[in-house]
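Just so it is clear, the model here is predicted, and its values are computed rather than measured.
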Amino acid sequence: MIVIRDYQPQDSKALAKIFENAILAIDNGIYSTSQKQAWIGNHSDEFWQHRFEKTLPFMAVIGDRVVGFIEFGFDDGIGEIDCFYIEPKFQQQGVGQALFEKVLSVAKGNNVYQINVSASHIAKPFFEKEGFQTVQKNSFERSGVILENWLMVLQFLD
């Protein structure tokens, strides 16, 4: 059973490891090894702890194991999903769907009328299935390597 719970400070190392594992598991035909390394970066435990204390991600837990997380913030009716990662061996098992449903619940409970996400090649099909529309393709440099993602938007019409 998948349980969604709030972030706790002792979770930061597990979330950082899920972030890294999920990126490294992407097929090299989608993102090269150098792109994946640039995406992961070289962040300290303190960096991750500080980040997660600010973003307060929702976490997916199976048994006593953290298997995924999603960051969702909102202001003035517009929400944004940032990090959204699932441990590779728990992908395609409803973990991402459970996390996304938590985001939708929070969004609707806070009068959010639009959710934005910058989706990777690997995440784009998930967001399309959930009704997001592609706004534009983005290319950016990180550590001298070009990465690509898509700005996608989901609007709630009442």
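A search for side chain to side chain contact (heavy atoms under 4.5 Å, CB included) contacts involving S143 returns A38, not counting sequence neighbours. Here R5 pairs with D11 under the salt bridge (charged side-chain N to carboxylate O under 4.0 Å, His left out) rule; sequence neighbours left out. The salt bridge (charged side-chain N to carboxylate O under 4.0 Å, His left out) check on K108 picks up nothing, with sequence neighbours excluded. Under the salt bridge (charged side-chain N to carboxylate O under 4.0 Å, His left out) criterion, D6 pairs with no residue, sequence neighbours left out. For H43, the ring pair (Phe, Tyr, Trp, His ring centres under 6.0 Å) criterion is met by F47, W48, not counting sequence neighbours. In this view, F72 and F74 satisfy the ring pair (Phe, Tyr, Trp, His ring centres under 6.0 Å) rule, not counting sequence neighbours. For Q10, the side chain to side chain contact (heavy atoms under 4.5 Å, CB included) test picks out Q8, with sequence neighbours left out. Taking H121 as the reference, I30, Y31, E148, W150 meet the side chain to side chain contact (heavy atoms under 4.5 Å, CB included) condition, with sequence neighbours excluded. For V153, the side chain to side chain contact (heavy atoms under 4.5 Å, CB included) partners are Q114, N116, V135, Q155, not counting sequence neighbours. The salt bridge (charged side-chain N to carboxylate O under 4.0 Å, His left out) test applied to K102 returns no partner, not counting sequence neighbours.
To the nearest 0.5 angstrom, S32 atom OG is 11.0 Å from I26 atom CD1. Q35 contributes atom CD, which lies 12.0 Å from atom CD1 of I23 (distance to the nearest 0.5 angstrom). Of the inter-residue distances, the one linking L15 atom CG with C83 atom SG reads 9.5 Å to the nearest 0.5 angstrom. The structure places CD of E87 at 10.5 Å from CD of E20, a figure rounded to the nearest 0.5 Å. Interatomic distance, K124 NZ to N149 CG, rounded to the nearest 0.5 Å: 11.0 Å. Atoms OG and CZ, on S118 and F127 in that order, are 10.0 Å from each other to the nearest 0.5 Å.
Two different hydrophobic clusters hold F90 and I122 under the rule that ILVMFWY side chains link at heavy-atom gaps under 4.5 Å. F19 and V95 are members of different hydrophobic clusters when ILVMFWY side chains are connected at heavy-atom separations under 4.5 Å. The hydrophobic clustering, which links ILVMFWY residues whose side-chain heavy atoms are closer than 4.5 Å, places L154 and V106 together. Placement of F100 and Y7 in two distinct hydrophobic clusters is found when ILVMFWY residues are connected by side-chain heavy-atom separations under 4.5 Å, directly or transitively. By the rule that hydrophobic residues join a cluster once side-chain heavy atoms approach within less than 4.5 Å of another member, I115 and Y85 end up as members of separate clusters.
The side-chain heavy atoms of L104 and F156, taken from C-beta on, include a pair separated by under 4.5 Å. Side-chain contact between I86 and L99 is present, with heavy atoms from C-beta onward closer than 4.5 Å. Under the 4.5 Å side-chain criterion, counting only non-hydrogen atoms from C-beta, K13 is not in contact with K17. In this structure, W39 and V145 have side chains that are not in contact, with every pair of non-hydrogen atoms separated by 4.5 Å or more. At least one side-chain heavy atom of Q97 sits under 4.5 Å from a side-chain heavy atom of F126. In this structure, Q37 and L24 have side chains that are in contact, with non-hydrogen atoms separated by less than 4.5 Å.
Put simply, the side chain of N110 never gets that close to the backbone of V112: no donor and acceptor are under 3.5 Å apart.
Across I2 and A98, no two heavy atoms sit closer than the pair CG2-CB, 3.9 Å. Minimum interatomic distance between K36 and D27 (heavy atoms only, all atoms of both residues): NZ-C, 4.4 Å.
Taking the six-membered ring for Trp, F69 and F84 have ring centres at least 6.0 Å apart.
The number of heavy-atom neighbours closer than 6.0 Å to NZ of K89, taken from other residues, nucleotides and ligands shown, is 12 or below. Within 6.0 Å of the CG atom in N28, the count of heavy atoms belonging to other residues, nucleotides or ligands exceeds 12.
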Residues Q133, E128; criterion side chain to side chain contact (heavy atoms under 4.5 Å, CB included); working and verdict:
CA-CA 7 Å; Q133 301 297 311; E128 288 172 334; over 6 Å; no

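In the hydrophobic clustering, where aliphatic and aromatic side chains (Ile, Leu, Val, Met, Phe, Trp, Tyr) are joined below 4.5 Å either directly or transitively, I78 groups with Y113.
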Using residues 55-66 as the side-chain source, report each donor-acceptor pair under 3.5 Å to any protein atom, sequence neighbours left out, with the distance given to one decimal.
from: T55; atom 1: OG1; to: R51; atom 2: O; distance (Å): 3.2
from: T55; atom 1: OG1; to: E71; atom 2: OE2; distance (Å): 2.9

